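These notes are about the structure you will find just below.
Positions are given from 1, in the same order as the sequence printed here. Model, not experiment: these values are computed from the prediction.
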Amino acid sequence: MLWMFGAALAADCGDDLERAQARLRARKPLAATLGAFELLESGACPEHDGAARLLMGRGLLALDLPHSAQHYFLEVVTDPPSERAAEIAVVRLVQIAELTGDDDLLMRLVPAMDERDWPEPARDHLHYAAGSRAWQQGELSEARRHFSQVSPESALGSRALYSEGVALVEQGRLKSAAKEFVRVGRLGYHDDWAALGMGRVYYGIGRYDLAGHWFEQVPVTSDQFAEARFENAWSSFMQNDPNRALGELLTLKAPGYADTVYQPEAALLESIVWYSLCEWEASRASLDVLDAAVRPVHEALDAAIRPYASDEGRRIAGEAYREWFVDDHDTALDRAVFLRLLQDRSLFSSVEHIDRVEGERERISQQKSLWRDSVGVRLLERLDRDQRRLERKAGLHLLRRMAELDGTLRDLMGQADMVRYELLRAEREGLEDLAGGGEVFEARVDPDYAVDATRVMWPFNGEFWEDELGGYVYAEHGSCR
């Protein structure tokens with residue numbers, strides 16, 4: 001009679017699963033996940049575990065708990081009850097990656113999957129994740145192969161085209177890169193990225209006039225506007241147009257950018273421009289601005305990185321995340337510096353993922369006690385483990401970005417020292433020698449604020465207007481001859 005008991009138990013499990021699925025169809029995800037959870041916890045019918053896990057994932061998604069759901073979908077992918085169940089789970093994992101903005105799980109998953117078996121609805125995102133993984137490993141050709149297979153009409157189409165263009169730039173294939181950036185612009189999405197990419201391509205081949213044209217296409221509403229104005233300042237300077245360069249750098253001093261954009265490189269360029277005009281005091285003043293912006297941040301970054309430099313420090317990198325993103329303390333690293341650090345996509349997505357985990361913890365605590373004290377307890381245990389892992393990952397990304405920025409600041413201070421040396425040398429040798437023996441004179445003329453064929457000129461009174469940003473031009477003649 002024992003076999004009859006086993007058959008009855010299997011039938012009961014099937015009935016329980018059917019009831020849970022019916023509850024999910026009836027839009028009762030709490031009851032559905034509770035039923036599936038009890039079935040999994042009992043361990044009585046392992047042949048139904050795959051279907052129960054799939055149901056758990058779908059129910060948790062309906063409860064807006066995507067991070068918790070992905071664990072169940074991943075278990076279905078690694079031990080699928082059927083080919084169809086695995087396809088559904090992969091599609092759901094892609095949907096969760098789109099919600100969280102974190103592709104790390106997909107990047108770990110794609111090497112274990114046969115590319116021919118990728119579900120059609122998930123192929124674009126899986127190709128993008130595979131391309132990102134290849135990029136991180138330095139396999140640029142493989143990265144381009146995957147990026148090129150992302151449909152331009154998909155949500156990631158423009159980003160994949162842009163990434164492919166950047167990979168081509170890294171490989172020195174600038175003409176091919178330009179074609180990809182043009183395609184990005186034609187899509188109408190991220191055309192500011194496309195313009196910036198085109199400008200960099202032309203700057204790289206010394207066509208500073210065309211580089212400037214593309215940099216000027218980045219609109220004032222774009223997050224890339226300040227970067228485009230800075231790079232256009234370099235283009236203008238390389239075209240021997242210091243007044244245009246100074247005007248572009250003036251834009252970066254507007255309150256909207258001065259408070260949110262940390263770009264001390266602009267002060268170094270400003271110093272170099274003034275130096276080219278033989279305006280020694282103005283050049284030195286810009287170096288003082290650079291020093292004030294760089295030195296305290298460099299010291300704060302150095303102090304922040306030092307405790308985590310060892311292998312033991314890397315093991316506890318989660319403390320670095322909590323120190324800088326959770327705890328309150330005085331620091332020279334202001335909002336603009338942190339916004340620059342968060343330009344790193346890996347760091348930004350990790351921080352956002354942690355925020356989502358904390359949000360899930362809050363939503364779990366608000367559910368009915370019967371569900372919260374059973375399903376919720378198990379989910380919270382997993383969230384605790386995952387949050388520690390995510391905090392360590394975010395801490396490692398943060399420390400890497402801090403080290404990169406600290407290296408940039410060290411280089412800037414070294415370049416500033418070289419400019420200071422040149423200033424001292426120029427003053428010692430005299431302006432006549434610096435200018436090739438010509439007569440030294442101070443040339444100061446008032447610009448003609450009249451209408452010409454291209455622009456209307458009027459004096460800048462220290463007040464910034466949005467419709468003027470990016471249009472400033474100095475009228476300096478310099479002190480060289």
Side-chain angles (χ1 to χ4, degrees), residues 199-200 203-204 206 208 211-212 215 226-254 257-258 261-302 332 334 336-337 340 403-444 460 472-481:
R200 288 168 174 169
Y203 189 94
Y208 305 117
F215 291 141
E227 178 63 27
R229 301 335 289 188
F230 171 67
E231 297 193 28
N232 197 32
W234 268 112
S235 294
S236 300
F237 180 63
M238 297 302 288
Q239 293 177 79
N240 197 28
D241 190 353
N243 285 319
R244 178 67 179 173
L246 290 170
E248 294 286 41
L249 296 172
L250 178 62
T251 291
L252 301 182
K253 298 178 182 179
Y257 302 109
V261 177
Y262 180 68
Q263 201 163 44
E265 296 93 336
L268 179 65
L269 175 56
E270 185 179 61
S271 176
I272 293 171
V273 175
W274 284 123
Y275 176 86
S276 73
L277 292 167
C278 303
E279 297 290 351
W280 319 127
E281 291 305 317
S283 179
R284 186 173 285 107
S286 296
L287 290 178
D288 291 341
V289 170
L290 172 68
D291 191 70
V294 166
R295 198 164 298 279
V297 175
H298 158 64
E299 292 173 355
L301 289 172
D302 195 51
D334 61 13
V337 176
R340 177 157 176 169
E404 291 170 354
L405 179 55
D406 192 39
T408 297
L409 299 184
R410 288 176 185 272
D411 289 344
L412 284 175
M413 289 189 292
Q415 293 175 57
D417 288 341
M418 292 175 63
V419 176
R420 289 187 189 278
Y421 170 78
E422 291 298 327
L423 282 169
L424 290 172
R425 186 181 66 83
E427 290 176 331
R428 184 172 62 250
E429 293 179 358
L431 293 177
E432 293 89 350
D433 292 340
L434 188 67
E439 181 184 354
V440 178
F441 75 104
E442 287 283 332
R444 289 289 183 273
F460 176 69
Y472 301 120
V473 179
Y474 274 58
E476 288 287 342
H477 288 252
S479 299
C480 307
R481 185 177 180 179

Measuring from [X]:[atom1] to [Y]:[atom2], what's the distance to the nearest 0.5 Å?
{"X": "Phe230", "Y": "Leu252", "atom1": "CZ", "atom2": "CG", "result": "8.0 Å"}
{"X": "Leu290", "Y": "Leu412", "atom1": "CG", "atom2": "CG", "result": "6.0 Å"}
{"X": "Leu249", "Y": "Glu270", "atom1": "CG", "atom2": "CD", "result": "6.0 Å"}
{"X": "Thr408", "Y": "Glu265", "atom1": "OG1", "atom2": "CD", "result": "6.5 Å"}

Partner set under side chain to side chain contact (heavy atoms under 4.5 Å, CB included) for [X], not counting sequence neighbours:
{"X": "Ala211", "answer": "Tyr202, Tyr203, Phe215, Ser235"}
{"X": "Glu422", "answer": "Tyr275, Arg425"}
{"X": "Ser271", "answer": "Ser283, Ser286, Leu287, Val419"}

*asked:* Does Asn232 form a side chain to side chain contact (heavy atoms under 4.5 Å, CB included) with Arg244? I'd like the steps, not just the answer.
replied: CA-CA 9 Å; Asn232 197 32; Arg244 178 67 179 173; 4.2 Å; yes
_Under the rule for ring pair (Phe, Tyr, Trp, His ring centres under 6.0 Å), what residues qualify as partners of Tyr262, not counting sequence neighbours?_
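Applying ring pair (Phe, Tyr, Trp, His ring centres under 6.0 Å) to Tyr262 gives none.
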Any heavy-atom pair between the side chains of [Y] and [X] that's under 4.5 Å?
{"X": "Leu246", "Y": "Leu250", "answer": "no"}
{"X": "Asp302", "Y": "Arg410", "answer": "yes"}
{"X": "Glu227", "Y": "Gln263", "answer": "yes"}

_Smallest separation among heavy atoms of Tyr208 and Met238, with atom names_ =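 Residues Tyr208 and Met238, closest heavy atoms: OH-CE, 3.5 Å.
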*Who pairs with Arg284 by salt bridge (charged side-chain N to carboxylate O under 4.0 Å, His left out), at least two apart in sequence or on another chain?*
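Applying salt bridge (charged side-chain N to carboxylate O under 4.0 Å, His left out) to Arg284 gives Glu281, Glu427.
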*asked:* Test of understanding: with salt bridge (charged side-chain N to carboxylate O under 4.0 Å, His left out), list the residues that count as partners of Asp411, not counting sequence neighbours.
replied: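 With neighbours one apart ignored, the set is empty.
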Can you give each donor-acceptor pair under 3.5 Å made by side-chain atoms of residues 292-301, sequence neighbours left out, with the distance rounded to 0.1 Å?
unit_1: Arg295; atom_1: NE; unit_2: Asp291; atom_2: OD1; d: 2.9
unit_1: Arg295; atom_1: NH2; unit_2: Asp291; atom_2: OD1; d: 2.8
unit_1: His298; atom_1: ND1; unit_2: Asp406; atom_2: OD1; d: 2.6

*In chain order, what residues pass the side-chain hydrogen bond (donor to acceptor under 3.5 Å, both in side chains) check against Asp288, with sequence neighbours excluded?*
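Checked Asp288 against side-chain hydrogen bond (donor to acceptor under 3.5 Å, both in side chains); matches are Arg420.
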